[in-house]
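Hydrogens, waters and symmetry mates play no part in the numbers below; they use all other heavy atoms, side chains included. Atoms within each ligand, like the ligands themselves, are counted from 1 in listed order.
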Amino acid sequence: MRIHHIGYLVKKLEKAAEEFEKLGYVRLGDVTDDTYRKVDILFLEKDGYAVELVSPNAPDSVVSGLLKTYKNAPYHICYVCEDLDGELERLTGSGYVQIDPPAPAPAIGGRRVCFLMNRFAGMIELLEKED
Ligand code: NI
């Protein structure tokens, strides 16, 4: 698995993006409305590092509850997998708890992602490799 991006949970996406730009980050594309997860997503890049800004756009968004714990803060690391289902099986067999079924991520070209939680390492995201 290779690191793909760091996910930041932010309350105001546009304001946050402007602040990252002051630090030298460059936007990768436009804001995407992920209607499945009810979040707005924007990727930025600096020095080869990709940061994903995630902001809930509905009260029942998958991340609304997380804002109490992570506000304008990193909350997951995403890994690209050669074999998403294989890694999912391996990790759920060794202490990682699957949060949701693998589902397409509109902000990453519709590639499937899924989230897992570990009591010591926190939240991670698995992303299937590009075709
Ligand atoms: Ni992510």
Side-chain angles (χ1 to χ4, degrees):
M1 299 194 299
R2 291 178 57 84
I3 293 177
H4 183 269
H5 66 260
I6 309 293
Y8 261 74
L9 193 56
V10 297
K11 203 150 186 193
K12 303 278 184 198
L13 188 72
E14 192 51 43
K15 295 265 186 214
E18 288 167 14
E19 298 306 324
F20 275 88
E21 284 177 317
K22 289 178 192 170
L23 299 172
Y25 288 78
V26 175
R27 294 174 193 235
L28 301 174
D30 298 318
V31 175
T32 302
D33 177 3
D34 184 330
T35 53
Y36 173 69
R37 298 174 184 84
K38 300 184 183 175
V39 293
D40 289 327
I41 289 175
L42 177 66
F43 280 94
L44 300 109
E45 190 264 345
K46 178 176 166 58
D47 306 332
Y49 292 90
V51 166
E52 174 192 40
L53 300 183
V54 180
S55 187
N57 60 24
D60 59 342
S61 152
V62 290
V63 296
S64 293
L66 286 175
L67 263 180
K68 294 188 190 83
T69 312
Y70 309 97
K71 187 175 163 191
N72 307 324
Y75 74 111
H76 72 260
I77 299 177
C78 176
Y79 301 89
V80 182
C81 306
E82 279 294 310
D83 172 10
L84 174 65
D85 299 295
E87 291 292 358
L88 192 52
E89 194 176 328
R90 181 178 71 83
L91 291 169
T92 52
S94 58
Y96 283 78
V97 177
Q98 189 176 342
I99 296 172
D100 57 1
I108 318 181
R111 287 151 72 183
R112 290 185 308 146
V113 300
C114 83
F115 287 85
L116 297 93
M117 185 64 95
N118 176 273
R119 58 187 297 214
F120 302 114
M123 193 181 299
I124 66 165
E125 178 181 18
L126 300 182
L127 165 65
E128 75 181 347
K129 66 170 187 197
E130 254 173 309
D131 280 335

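- Side-chain atoms of E125 and H5 form a donor-acceptor pair, as typed in the model, at a separation below 3.5 Å.
- Across all their heavy atoms, Y70 and L9 have their closest contact at O-CD2, 3.3 Å.
- To the nearest 10 degrees, the angle centred on the Ni ion (ligand 1) between OE1 in E52 and NE2 in H76 reads 90°.
- Distance alone, capped at 3.5 Å, is enough to place a donor-acceptor pair between the S64 side chain and the P59 backbone.
- For the Ni ion (ligand 1), the set of nearby N, O or S atoms under 2.8 Å includes none belonging to C78.
- Closest to the Ni ion (ligand 1) among the N, O or S atoms of E125 is OE1.
- Side chain to side chain, E52 and H76 meet the donor-acceptor criterion of an N or O pair below 3.5 Å.
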